[in-house]
There are 2 protein chains.
Amino acid sequence: MANADFHGCPVRNVLDRIGDKWTTLILLRLSREPCRFSALRRQVPDISKRMLTLTLRNLERDGMISRTVFPTKPPSVEYALTPLGRSILGPLGALVLWADERFSEIRENRTRYDALEAG
Amino acid sequence: MANADFHGCPVRNVLDRIGDKWTTLILLRLSREPCRFSALRRQVPDISKRMLTLTLRNLERDGMISRTVFPTKPPSVEYALTPLGRSILGPLGALVLWADERFSEIRENRTRYDALEAG
DNA sequence: CCGGATCCGACGGGATACTG
DNA sequence: CAGTATCCCGTCGGATCCGG
């Protein structure tokens, strides 16, 4: 297994999750209401079936979301946040807020930096 | 340029940074006091010169840290948080706290999930 | 409808050697 | 001391096809 030296670091484990491409978007979507697979696909634009499945599996493995199968025909599956999953919404929301407030400033910094580099 | 569709999303831009392997560790280290290149290398275990340089450059480009060159011989360079960089410590700290509090629970969930998969 | 299996390109990041 | 340049490999993630 790779990165064996990081298995014991809580911060790295959490950042590896929320830092990936889709996890945060899924969590934010599920924070509004439980959601089925197909509905998630439509509401999280551009995600592939493969990555949606993998992201949901990882979140389920961590105990952040629950997976409920309804034996209808064809079957339907509903995903919802667990208490553990809901508990990260606070810290995550603070970060999202920070991003919204400061991003224009960051973007200005980047263009200015890049302009100086070009000269 | 890749991921052109994400350039306008504040959340993705921020998560792409703090989600990478070293940025958060650097920020936390600099939150205690300004620090020189070599000191950072020693205090952030296992980081390579290459990745330390790249991470610092990205943070400087975003305006999160400042870079001050002292024309001594040999030269020394000091990195420090800017006000913008300091402003993310709150949200980041909340996340780190959450990680520390919940990681044991997450790890138990993972081992239980993996045990069921194996059976 | 909800996935799993496979193939493949792109990118992050480590190791190493060189520079001012 | 503080980087830069090059090579290389593992992983992430998209596309596609197959199955219950």
Side-chain angles (χ1 to χ4, degrees), chain A residues 1-7 9 12-13 15-26 29-30 34-61 65-80 113 117, chain B residues 1-7 9 12-13 15-26 29-30 34-61 65-80 113 117:
Chain A
M1 182 79 71
N3 282 350
D5 44 343
F6 286 150
H7 279 20
C9 175
R12 274 253 52 84
N13 269 271
L15 291 180
D16 282 351
R17 280 280 173 278
I18 73 163
D20 74 16
K21 201 171 179 182
W22 303 109
T23 295
T24 301
L25 290 173
I26 302 290
R29 178 59 194 79
L30 290 179
C35 205
R36 289 177 44 191
F37 189 88
S38 297
L40 278 172
R41 272 203 79 188
R42 283 190 298 272
Q43 298 182 25
V44 180
D46 300 332
I47 193 172
S48 63
K49 276 189 301 182
R50 169 187 154 82
M51 288 316 296
L52 181 53
T53 301
L54 287 178
T55 305
L56 290 170
R57 281 290 171 282
N58 281 328
L59 285 171
E60 186 196 2
R61 186 170 100 104
I65 65 174
S66 64
R67 178 176 183 271
T68 320
V69 181
F70 296 98
T72 57
K73 195 163 49 163
S76 73
V77 182
E78 186 176 86
Y79 296 92
Y113 184 95
E117 292 305 287
Chain B
M1 182 82 70
N3 282 350
D5 46 341
F6 285 151
H7 280 21
C9 175
R12 274 253 51 85
N13 268 271
L15 291 180
D16 280 351
R17 278 282 173 277
I18 73 162
D20 74 14
K21 200 172 178 182
W22 303 108
T23 295
T24 301
L25 291 174
I26 302 290
R29 178 58 193 81
L30 290 178
C35 206
R36 290 175 44 189
F37 189 88
S38 297
L40 278 173
R41 272 203 78 190
R42 282 190 299 271
Q43 298 181 26
V44 180
D46 299 333
I47 194 172
S48 64
K49 276 188 298 184
R50 170 187 153 84
M51 288 316 298
L52 182 54
T53 300
L54 288 178
T55 305
L56 290 169
R57 282 290 173 280
N58 282 329
L59 284 171
E60 187 195 1
R61 186 169 99 106
I65 65 175
S66 65
R67 178 175 181 272
T68 319
V69 181
F70 296 98
T72 57
K73 195 164 47 160
S76 73
V77 181
E78 187 177 85
Y79 295 92
Y113 184 94
E117 293 305 287

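To find a chain, count down the sequence lines: A is the first, B the second, and so on, and within it residues start at 1.
One interatomic measurement links the two molecules: CZ of A/Arg41 to C1' of C/dC1, which rounds to 11 Å at whole-angstrom precision. Between B/Asp16 atom CG and D/dG13 atom C1' there is a gap of 13 Å when expressed in whole angstrom units. Taking atom NZ of residue A/Lys73 and atom P of nucleotide C/dG3, one finds them 19 Å apart after rounding to whole Å. Atom CG in A/Leu52 sits about 17 Å away from atom C1' in D/dT16, given to the nearest Å. A straight line from CD of A/Glu60 to P of C/dC2 spans 15 Å, rounded to a whole angstrom. For the pair B/Glu78 CD and D/dC1 C1', the computed distance is 14 Å after rounding to whole Å.
A/Arg50 meets the salt bridge (charged side-chain N to carboxylate O under 4.0 Å, His left out) test with no other residue; sequence neighbours excluded. Applying the side-chain contact (heavy atoms from CB on, under 4.5 Å) test to B/Pro75 and every residue at least two apart in sequence or in another chain returns nothing. In this structure, the salt bridge (charged side-chain N to carboxylate O under 4.0 Å, His left out) partners of A/Arg57, at least two apart in sequence or on a different chain, are A/Glu60. In this structure A/Thr24 satisfies the side chain to side chain donor-acceptor pair (under 3.5 Å) test with no other residue, sequence neighbours excluded. Applying the side chain to side chain donor-acceptor pair (under 3.5 Å) test to A/Arg29 and every residue at least two apart in sequence or in another chain returns A/Glu33, A/Gln43. Remark: B/Asn58 pairs with no residue by the side chain to side chain donor-acceptor pair (under 3.5 Å) rule, at least two apart or across chains. Partners of A/Val44 under the side-chain contact (heavy atoms from CB on, under 4.5 Å) rule, at least two apart in sequence or in another chain, are A/Trp22, A/Leu25, A/Ile26, A/Ile47.
Residue contacts shown for B/Phe70 are absent, as no nucleic acid heavy atom lies under 4.0 Å away. Residue contacts shown for A/Arg57 are limited to sugar-phosphate atoms, with no base heavy atom under 4.0 Å away.
Look at A/Arg36 and you'll find a side-chain N or O under 4.0 angstrom from OP1 or OP2 of C/dC2. Put simply, B/Ser38 has a side-chain N or O that comes within less than 4.0 Å of OP1 or OP2 on D/dC1.
Note on the helix from C/dC1-D/dG20 to C/dG20-D/dC1: angle between the axes of the first and last five pairs equals 40°, rounded to 10 degrees.
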Original post:
What string of B, S and - do you get for nucleotides 12-18 of chain C, 5' to 3', when a contact is any protein heavy atom under 4.0 Å?
Top reply: -BBB-BB
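In this structure, A/Tyr79 and A/Leu59 have side chains that are not in contact, with every pair of non-hydrogen atoms separated by 4.5 Å or more.
Although no hydrogens or angles enter the test, the distance criterion places no donor-acceptor pair under 3.5 Å between the side chain of A/Arg41 and the main chain of A/Arg36.
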